[in-house]
Each structure stands twice: as structure tokens, then as C-alpha cells.
Amino acid sequence: MENKAYKNLYPQGLPEDVEPLVDGFFSELENHLLLPKRYSRAMMADFSAALFYYLNSGVPLEDALHRLDPAKLGGFFSRPPMLWYPLDSAAKVYPLSMKRNSMAVFRLSAYFKEDIVPEILQIALTFTIKRFPCFATTVKNGFFWHYLDAAKVRYSANPETERPCAPLKVSASGSQAFRVLYYGRRLSVEFFHILTDGSGGMVFLATLAAEYQRLMGFEIPCQWPVLNIDEAPPVSESANGFELAEPSATSKGFSDTPAVQMTGDLSAVKPYRIIHFEMNSETLRAAAKKRGASVTVYMLSLMFAATGFATDRRSGDVKIQVPVNLRKYYASETLRNFSMYCSVRLPLLNASDIEGNLPEIAAQLEKKSAKPVMNDMMNAAVSLVRSLRFIPLFVKRPVARAIYGFLGDSVFSNTLSNLGVVTFPEELAERVEKLDFVLGTAETNRASCAMVSFGDTAVFTVTKLTRDPTFEERLLFLMKAEGLDPAVKGSEPYES
Amino acid sequence: MKVETIYPPVKKRSRAQAKFRTAVNWSFGVSAFACTLINIFVGGALWSLTVDWALWFVWSAVISPSLVERNRISQTSKVLIDSCVLLVLIDVVFSLGWAGFVVPIVSFASLAAIGTLFLSDLPRQKQNMMPLFWLIIAAFIAMICAFSGWPRMGWPMIVLGCTALALFIVCIAIMRRGLIREFVKRFHTD
């Protein structure tokens with residue numbers, strides 16, 4: 001056995017009665033790790049560290065070995081990488097349009113009730129990743145399109161040391177297209193959008209969080225969105241959901257007129273700052289209900305008012321992009337991207353009328369996010385992909401990069417991605433205080449907003465791309481005026 | 001607005017870094033443009049072609065390397081191709097006449113180096129072997145061209161052909177069906 005780090009688990013050396021148990025465990029583990037040496041060594045060290053943590057915490061050896069049972073790895077790390085996945089129709093644009101300092105990354109976080117134990121989180125990730133084979137991949141260049149190629153490496157959980165949603169380095173062999181981070185009680189997963197959308201990402205976060213809590217000794221059942229990591233991943237989870245689009249006579253295009261942008265210099269560092277508005281979800285629901293609106297419509301109305309306040313423009317339309325989860329219209333189990341968007345627009349002059357705008361926003365949202373409209377949009381995406389399929393990547397890439405930055409988000413003023421109310425199995429929910437959802441920055445939109453509610457806490461997050469604080473200050477003013485009284489948390493500015 | 005900080009301190013980045021990158025990009029672009037203009041106005045040999053290519057070579061390798069699939073095989077292949085193009089340009093522009101001899105030498109040496117990189121880390125590099133395969137095919141095409149008279153057939157070309165053939169056989173022996181799978185992946189259109 002090449003790794004003897006575990007021999008130091010006991011200060012006086014392994015007791016005689018324990019040695020066969022531990023030896024057996026590590027030789028069994030070694031059988032499950034047929035990886036290049038540097039990965040298998042690192043993973044053996046991960047298991048040693050976890051075992052060391054258990055023994056120091058008073059967990060009996062048998063129990064510790066049971067929790068870390070190498071059988072949980074299945075054959076994932078002992079088989080050569082054979083799988084590969086074409087990108088789904090929505091993901092195709094992300095690697096084409098990414099730049100060195102700009103990448104479509106989003107982040108989901110769960111706040112536990114106690115500090116995270118890094119050694120155990122690492123093992124939880126090692127056990128969980130096999131259930132998500134399309135996440136255990138690396139981005140590659142094809143001749144016509146990028147694709148995801150299986151990567152059998154050690155997937156690592158790291159302490160948080162960078163700004164949220166910083167671009168991922170996906171160029172090296174076997175590099176991850178997501179990162180798992182921990183900071184205090186917070187477990188965060190940042191995904192390159194090429195892998196999944198918010199809903200798929202939430203399933204991964206929940207499954208990882210559940211496995212972590214199991215390793216910490218709690219019984220967590222496998223109920224949606226927590227997947228059973230010992231099950232074989234069904235093909236349907238990695239399917240391209242856009243193929244479910246029903247044929248339609250019309251197919252909606254993606255072009256639109258430019259929208260009003262908030263004023264303020266764009267920061268060179270992306271994001272400039274993250275700001276969370278934390279509120280009681282019941283208070284928020286009641287405030288929306290009082291106005292006869294859904295939470296999304298209500299928050300959109302506040303955003304319109306704040307966006308209108310944060311621009312020096314005097315005319316034009318404020319447009320807010322609202323992603324639509326297509327899983328509600330199509331029976332799909334996919335964990336990959338399966339969302340489209342609609343655009344809610346109001347004339348700038350009317351943007352500040354919160355009460356008066358609610359019916360218009362609700363009507364637009366209902367009409368523009370209806371299934372037939374989404375179906376047309378899916379068809380447009382599919383036919384766009386089809387029409388470009390024989391154009392080599394080296395031709396598509398520079399064109400897409402140039403177009404995406406200027407046309408891609410200049411047709412919107414802002415974004416609101418609302419994951420809605422997320423529920424976890426009760427046993428896991430007891431261990432989690434709240435969730436948050438952070439969108440990466442756009443190219444020209446000075447702010448992008450995301451929201452998620454969990455338990456009694458709703459977290460509305462603003463990702464800033466400018467030093468100008470008008471938008472968030474106005475939003476806070478409006479929220480306070482509405483009686484929401486949010487707690488304001490976030491990051492320091494990342495640009496000096 | 002008072003914000004309770006819940007993120008770890010991160011070293012603040014100044015705009016200077018971004019400004020520097022922009023300045024470098026501009027200086028490369030302006031240099032290329034200026035060289036081309038000067039060459040057009042001054043006349044004579046098209047030396048600006050070699051300068052422009054050399055600028056592109058440095059820019060794409062150092063200032064703005066590829067964001068996807070930057071591994072030892074792909075990068076060495078890129079350097080090889082860019083170097084060969086530069087050598088050919090210098091040869092053609094200044095009518096020196098040594099490219100047919102020098103380029104195959106550079107190519108077979110680089111091909112051998114890339115082959116070594118491939119074989120020295122097989123488990124990981126199997127998924128990165130496509131650039132090597134393209135170079136092998138390019139070497140075969142050069143060989144066929146040499147048989148038909150241009151570029152001239154000499155010992156460097158023969159060694160290049162032999163190196164490519166040896167690597168081709170090794171690749172097929174190692175990859176077997178995996179090679180077909182690599183092709184399916186690389187050329188998928190869906």
C-alpha cells in the first residue's frame with residue numbers, strides 16, 4: 001500500500017487490534033481508486049484526514065470506517081473516463097462567449113447551523129460526485145461545438161478565498177467546471193452555467209449537503225431534491241431538455257431593442273460587490289399578498305422603481321429579464337440547463353409607480369412566460385443551434401464573443417432569477433439555516449438580482465457591476481417603506 | 001448603506017491590472033497595424049507579414065492563451081504550428097529558400113517531443129491526443145506533397161514521415177476503439 005499516512009492516526013502507532021481493520025479499510029479504498037497517482041494519493045490523504053477527524057471527535061473507529069465505507073465510491077473512480085456529453089441547447093453559448101475575466105457563473109449556498117468540517121466536506125463531495133456524472137466533466141473543444149468530457153480526478157472542496165462567482169479556470173486537463181467552497185457555516189457551490197441551471201444546481205447542493213450531514217452522523221432521507229447517491233444516475237438526468245420542444249409554426253427570435261441601463265462606470269473587477277437583503281419570508285409574502293401580487297411580481301415592481309431611480313436617462317424602456325424554469329411545463333428530469341427567459345418591460349417614466357405597475361407586470365409575466373411562448377423560444381434556440389452546427393468552432397467563437405457582450409444583455413436593464421421556495425427533507429432542513437443564490441455579473445447590466453426562500457428566510461441578492469450604490473440604496477429604502485425591514489449583508493467592494 | 005460583511009477578505013484588485021491588460025492588447029494591435037502601414041508605404045518585401053504573425057504568436061501564447069483545453073499537447077502543437085508558419089513566412093518573404101529543409105526538422109523534433117508528452121502521461125493524455133493526431137495527418141500530407149515534388153524530398157522530410165508513421169501506429173495501438181470515440185466527440189454536431 002503506497003499511502004501510509006493513516007499509520008499516524010494514533011499518536012502511539014496503531015494498536016494491534018485496530019491495525020487489521022484500518023489496513024483492510026485502506027486496501028479496500030485503494031481498490032476503488034484507479035486514478036493517476038497524484039489523485040489517488042490525495043484521495044487517500046482525504047480519507048486519512050477524515051478518519052483522523054472522527055477519531056479526535058470521539059467517533060468509534062467502527063462507526064467512522066462505516067461512514068467512510070469505500071463501497072460508497074462505487075466504480076466511479078476505478079473506471080476509465082468514457083462518457084461525454086454534447087452541450088444542451090442553452091449551454092452552447094457560454095463557452096463561446098466567455099472571456100478571461102467574464103464567465104457565466106452562478107452560486108448557490110447553504111448556511112448550516114455549525115461550522116463546516118473541511119475534511120468531511122471533502123469526503124461528502126467525493127461520494128456525491130459520482131451521482132452527477134455530467135458535472136464530473138471538463139470542457140473540451142470539438143470541431144463544431146464544445147462538449148463535456150468525463151474527467152476522473154479528485155474533485156476538491158476548498159476554503160473560500162476569492163470573490164464570489166469569479167471565473168473558473170476550465171482550461172487545464174481535468175479541470176472542474178464547478179467549485180465547492182466553504183467559509184464558516186456556509187457551503188457554496190459555484191457552477192459554470194455550461195453544466196446546469198439554478199434548479200439543477202440546487203439538486204446538487206442539496207445532495208451534497210445531505211451527504212455531508214450524513215457523514216456528520218445525522219440520518220437524512222433521500223427525498224427530492226436530495227438524490228440517492230448510491231443509485232445509478234438515469235440517462236434522463238443528463239438529457240437535453242430542449243429536445244422536448246413541440247413543433248410550432250412560429251419561433252420567437254432573441255433580438256430586441258436596447259434597454260435603459262443604470263448609470264455608473266462598469267467595474268473592471270467582476271463582481272464589484274455582493275449584497276444580500278435578508279427578510280422574513282412570511283412578511284414578504286404578506287406584503288405581496290396585501291398588494292394582490294405574487295412575490296416575484298412584487299419584487300419586480302420594487303426593482304423597476306429602483307432601476308428607474310438609478311439611471312440618468314430620461315426615456316426608453318426598463319426591461320428586466322426573468323428566467324423561466326421549463327421543468328414546470330415539460331416532464332423532464334434533466335439536471336442540465338432547462339430554462340428560458342422572458343422580458344418584462346415598462347417605460348422608464350412609469351417605472352417608479354410600485355402599486356400601479358403591479359397589474360401590468362403580472363400580466364406581462366403571465367403572458368410572456370406562458371408555455372406556448374416558451375415553446376416558441378425553445379424552437380428558436382434549437383433551430384439556431386441547428387443552423388450553426390456545421391460552422392467550425394474557430395469561426396463561431398470570435399463572432400459569438402463579439403455579439404454576445406453587446407447584444408446579449410444590453411437588451412435588458414437587470415435580471416431577476418427567483419428560485420422560489422426551496423424545501424429540503426425535514427431532517428436536512430433542521431440542519432440548514434438559510435440558502436442564498438448569487439448570479440454572476442452580466443456585461444453591461446450594472447446589477448443582476450437573484451432570490452431564494454428557505455424556511456422562514458427569503459434572501460434577495462444583488463450582484464453589482466458598478467461602484468454607484470444608487471440601485472441597492474433605493475431598493476433598501478423601498479423595502480423599508482414596505483415594512484420588509486431587511487438585514488443587509490454582503491461583501492466588501494472587490495475593486496479599489 | 002451599512003453592509004454586514006459575510007464574505008472573507010479578498011485582496012482588492014485595482015483597475016490598474018485591467019488597464020495594463022487593455023494597454024498590452026492595444027499596443028499589440030497598434031504595432032501590427034503600424035507595421036503593415038509602414039510596409040505598404042515604404043514598399044519592398046512584405047516583412048510586415050512576419051512581424052504581424054510573430055505578434056500574433058506571442059499574443060496568443062502569452063497574453064491571451066486559450067480558455068478551453070490548454071494542456072501540454074495542445075500548447076506544444078500550437079507553438080509548433082505557429083513556429084512553422086513563421087519560418088515559412090520568413091523564408092518566402094525574404095526569398096531565402098531554406099524552409100523546405102528547416103521546417104521538417106523543426107516539425108519532426110516537435111512531433112517527437114509531443115509524442116513523448118503523450119506517452120509519458122497516458123491515462124490523462126489519452127483525452128488530449130487529438131492535436132497530436134492532426135499533426136500526424138499534416139505530416140502525412142506534407143510527405144505526400146514531397147513525393148509529388150514540392151516541398152523537396154530530403155532526409156528531414158523522410159524522418160518527419162517516419163516519426164509521424166511511428167506515432168500513428170503507437171496511437172492506434174494504444175487508443176484502438178477510443179480513437180473512434182475521440183473522433184465522434186470532436187466532430188459531433190448536435
Side-chain angles (χ1 to χ4, degrees), chain A residues 35-36 80-82 84 86 95 98-101 103 138-147 149-153 159-164 167 169-174 183-184 186 240 267-269 273-276 385-386 389-390 469 472-473 476 487-496, chain B residues 1-22 24-25 60 63-75 77-78 117-118 120-131 133-134 174-175 177-178 181-190:
Chain A
L35 297 174
M82 305 284 272
W84 69 280
M98 70 179 177
K99 295 175 188 165
R100 200 157 303 284
N101 64 344
M103 203 171 178
T138 194
V139 188
K140 288 285 185 80
N141 289 318
F143 191 74
F144 299 109
W145 295 111
H146 293 94
Y147 64 95
D149 206 7
K152 297 294 176 83
V153 296
E160 193 171 339
T161 54
E162 256 288 356
R163 59 194 194 280
K169 291 188 177 96
V170 294
S171 58
S173 287
Y183 180 66
R186 182 172 63 219
N240 179 4
S267 63
V269 178
R273 192 177 201 180
I274 303 293
I275 296 165
H276 302 289
V385 166
R386 210 168 281 159
R389 66 186 158 162
F390 292 120
E472 59 271 24
E473 283 176 358
L476 178 63
V488 186
K489 300 179 180 178
S491 72
E492 292 289 324
Y494 291 115
E495 185 180 85
S496 55
Chain B
M1 188 168 71
K2 203 172 172 190
V3 178
E4 183 193 334
T5 303
I6 55 166
Y7 288 89
V10 171
K11 195 183 164 197
K12 281 190 187 180
R13 299 193 179 197
S14 72
R15 277 177 170 265
Q17 211 176 346
K19 279 181 182 167
F20 176 71
R21 187 177 287 277
T22 311
V24 169
N25 286 339
S60 64
I63 312 296
S64 183
S66 51
L67 293 170
V68 177
E69 225 180 326
R70 196 168 80 234
N71 53 63
R72 47 161 97 178
I73 292 182
S74 70
Q75 287 313 96
S77 305
K78 191 177 173 312
L117 292 176
F118 173 60
S120 63
D121 184 18
L122 261 180
R124 289 174 71 198
Q125 300 306 328
K126 270 183 184 176
Q127 288 172 294
N128 299 333
M129 60 82 64
M130 223 50 203
F133 202 79
W134 295 133
I174 290 170
M175 299 291 289
R177 272 190 212 160
R181 200 169 48 242
E182 276 297 312
F183 271 101
V184 172
K185 284 194 259 187
R186 299 280 171 171
F187 287 94
H188 79 279
T189 57
D190 51 341

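- Looking only at side-chain heavy atoms (C-beta outward), B/Val68 and A/Met98 come within less than 4.5 Å of each other.
- When each of A/Lys169, A/Glu160, A/Arg273 is checked for heavy-atom pairs under 4.5 Å with chain B, A/Glu160 comes out on top.
- Using a 4.5 Å cut-off between heavy atoms, A/Met82 contacts chain B through both its backbone and its side chain.
- Judged by a 6.0 Å distance limit and a 45° cone about the ring axis, A/Arg186 is positioned over the six-membered ring of B/Tyr7.
- Neither the backbone nor the side chain of A/Pro469 comes within contact range of chain B; no heavy atoms are under 4.5 Å apart.
- Heavy-atom minimum distance, A/Arg100 versus B/Leu67: NH1-CD2, 3.5 Å.
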**Q.** Pair B/Arg124-A/Val153, side chain to side chain contact (heavy atoms under 4.5 Å, CB included): steps then yes or no
**A.** CA-CA 10 Å; B/Arg124 289 174 71 198; A/Val153 296; 5.7 Å; no
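- Between the B/Gln127 side chain and the A/Ala150 main chain, a donor and an acceptor come within less than 3.5 Å of each other.
- No donor-acceptor pair closer than 3.5 Å links the side chain of B/Lys185 to the backbone N or O of A/Lys140.
- At a 4.5 Å heavy-atom cutoff, B/Lys126 makes no contact with chain A through either its backbone or its side chain.
- Annotation for A/Trp84 and B/Val184: closest pair CZ2-CG1, 3.9 Å, computed over non-hydrogen atoms.
- Between the NZ atom in B/Lys2 and the NZ atom in A/Lys489 there is a gap of 13.5 Å [rounded to 0.5 Å].
- Listed options A/Pro86, A/Pro95, A/Ala151, A/Gly142 were ranked by heavy-atom pairs under 4.5 angstrom with chain B; first place goes to A/Pro86.
- Here the closest non-hydrogen pair linking B/Thr189 and A/Phe390 is CG2-CE2, 3.5 Å.
- No part of A/Pro167 comes within reach of chain B, as not one of its non-hydrogen atoms sits under 4.5 angstrom from that chain.
- Only the side chain of B/Arg21 comes within contact range of chain A, with at least one heavy atom under 4.5 Å from a heavy atom of that chain.
- Across B/Val10 and A/Glu162, no two heavy atoms sit closer than the pair CG2-C, 3.7 Å.
- Contacts with chain B were tallied for A/Ile275, A/Asn240, A/Asp149, A/Val385; A/Asp149 has the most, counting heavy-atom pairs under 4.5 Å.
- Contact of A/His276 with chain B is made through the side chain alone, with heavy-atom distances under 4.5 Å.
- Nearest heavy atoms, A/Gly490 versus B/Val3: N-CG1, 3.4 Å.
- What you find for B/Ser66 and A/Ser171 is that their closest heavy atoms are O-CB, 4.0 Å.
- Proximity to chain B involves both the backbone and the side chain of A/Ser173, based on heavy atoms less than 4.5 angstrom apart.
- For B/Thr22, no part lies near chain A; criterion is any non-hydrogen pair under 4.5 Å.
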